[in-house]
Amino acid sequence: MRSGTPVVLFYTESEEEKRIAEKFFINYQTRDCTGLEEEKLYSVITGKTGNSKSQKLDLRGYSFMIFHNIESKEIPEILKHFRKVSKSNWIFATTTENNLNWTLKDLFHELVEEHENMHKYNNSSRKGRKA
């Protein structure tokens with residue numbers, strides 16, 4: 001069991017999606033990561049961020065949600081319900097010991113790459129089974 005306050009970080013260009021995330025996660029602390037792209041993940045989670053410059057990132061239209069100190073058994077249910085109220089193309093992730101020292105910018109780029117590679121693999125696997 002994880003100790004500490006459950007936190008949900010989100011990053012999206014859509015003001016509507018930001019409002020949806022803030023209302024949806026009423027039982028968790030939420031943090032809008034807009035403008036914190038150069039900050040380390042741990043700093044954003046703890047709220048100890050500096051005066052970083054906002055940076056427009058090319059994230060290929062994805063929005064991001066990162067879960068910290070949330071039980072893994074809760075996450076599938078959260079995703080199921082959140083996807084019903086959201087219209088954006090979200091990439092979901094959890095914090096790990098390895099990514100807590102990454103900047104948000106680096107983490108988002110890594111998540112996009114992993115997400116797209118996973119979809120390429122899944123699509124090629126499906127095509128191979130149809131043959």
Side-chain angles (χ1 to χ4, degrees):
M1 169 141 43
R2 291 184 169 195
S3 62
T5 304
V7 180
V8 178
L9 306 176
F10 59 90
Y11 185 92
T12 180
E13 292 182 0
S14 166
E15 293 300 320
E16 179 184 358
E17 291 294 320
K18 289 177 186 183
R19 285 189 294 278
I20 289 169
E22 288 169 347
K23 287 180 183 176
F24 186 86
F25 291 102
I26 197 158
N27 294 326
Y28 302 97
Q29 281 189 19
T30 58
R31 298 212 202 307
D32 179 357
C33 297
T34 307
L36 302 174
E37 296 86 354
E38 293 291 336
E39 296 286 343
K40 300 232 182 225
L41 182 57
Y42 183 76
S43 298
V44 175
I45 290 166
T46 60
K48 297 176 182 175
T49 56
N51 293 330
S52 60
K53 291 183 185 177
S54 183
Q55 187 179 96
K56 180 76 172 163
L57 302 177
D58 177 17
L59 299 172
R60 301 181 196 149
Y62 293 108
S63 296
F64 299 85
M65 189 165 294
I66 301 168
F67 300 104
H68 178 72
N69 279 340
I70 296 178
E71 293 289 330
S72 59
K73 63 185 177 191
E74 291 179 65
I75 293 174
E77 197 65 22
I78 290 170
L79 299 183
K80 177 179 152 187
H81 292 291
F82 187 76
R83 286 180 174 135
K84 289 180 184 177
V85 297
S86 173
K87 297 176 186 130
S88 288
N89 193 7
W90 288 87
I91 294 178
F92 301 97
T94 59
T95 57
T96 67
E97 283 185 42
N98 292 332
N99 67 20
L100 285 172
N101 287 313
W102 289 26
T103 63
L104 288 177
K105 173 182 75 173
D106 291 341
L107 178 60
F108 294 156
H109 286 296
E110 178 69 17
L111 290 172
V112 167
E113 188 175 319
E114 287 178 5
H115 182 78
E116 291 183 346
N117 285 338
M118 180 186 67
H119 281 279
K120 284 178 193 172
Y121 174 79
N122 286 341
N123 289 338
S124 66
S125 294
R126 285 188 197 114
K127 287 178 186 174
R129 282 185 262 169
K130 291 179 181 178

Please report the interatomic distance [atom1]([X]) to [atom2]([Y]), rounded to the nearest 0.5 Å.
X: R83; Y: S88; atom1: CZ; atom2: OG; result: 12.5 Å
X: D32; Y: E22; atom1: CG; atom2: CD; result: 6.5 Å
X: I91; Y: H115; atom1: CD1; atom2: NE2; result: 4.5 Å
X: T46; Y: L41; atom1: OG1; atom2: CG; result: 9.5 Å
X: N101; Y: L107; atom1: CG; atom2: CG; result: 11.5 Å
X: E110; Y: N98; atom1: CD; atom2: CG; result: 11.0 Å

Please examine the side chains of [Y] and [X], heavy atoms only from C-beta on, and report whether any two atoms are closer than 4.5 Å.
X: E74; Y: Y28; result: yes
X: I75; Y: F92; result: no
X: F10; Y: T34; result: no
X: Y62; Y: E116; result: yes

Nearest atoms (heavy-atom pairs only) where [X] meets [Y]:
X: E37; Y: T103; result: O-CB, 3.9 Å
X: C33; Y: L104; result: CB-CD1, 3.6 Å
X: T30; Y: F25; result: CG2-CB, 3.5 Å
X: F64; Y: V112; result: CZ-CG2, 3.5 Å
X: P76; Y: S72; result: CD-O, 3.2 Å

Close aromatic pair by centroid cut-off 6.0 Å: F108 and Y11:
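Judged by ring-centre distance (under 6.0 Å), F108 and Y11 do meet the cut-off.
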Are F82 and W90 close enough that their ring centers fall under 6.0 Å?
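Yes, close enough.
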For atom CD of E13, decide whether the heavy atoms of other residues, nucleotides or ligands shown that lie under 6.0 angstrom number more than 12.
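No - once you tally the heavy atoms of other residues, nucleotides and ligands closer than 6.0 Å, there are 12 at most.
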With T95 as reference, evaluate L100, I70, N69 under the side chain to side chain contact (heavy atoms under 4.5 Å, CB included) test and give the passing residue.
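Only match with T95 under side chain to side chain contact (heavy atoms under 4.5 Å, CB included): L100.
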Would the distance check show the side chain of [X] and the main-chain N or O of [Y] forming a donor-acceptor pair, the cut-off being under 3.5 Å?
X: E17; Y: K87; result: yes
X: R31; Y: V8; result: no
X: N99; Y: T96; result: yes

What residues form a side-chain contact (heavy atoms from CB on, under 4.5 Å) with T49, not counting sequence neighbours?
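For T49 the side-chain contact (heavy atoms from CB on, under 4.5 Å) partners, ignoring immediate neighbours, are L36, E39, S43, V44.
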Audit row: T94, I66, side chain to side chain contact (heavy atoms under 4.5 Å, CB included) steps and yes/no
CA-CA 5 Å; T94 59; I66 301 168; 6.0 Å; no
Applying salt bridge (Lys or Arg N to Asp or Glu O under 4.0 Å), can you list everything that pairs with E113, at least two apart in sequence or on another chain?
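By the salt bridge (Lys or Arg N to Asp or Glu O under 4.0 Å) rule, E113 matches no residue at all.
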Check ion pair K18-E15 (N to O, under 4.0 angstrom):
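Yes, K18 and E15 are salt-bridged.
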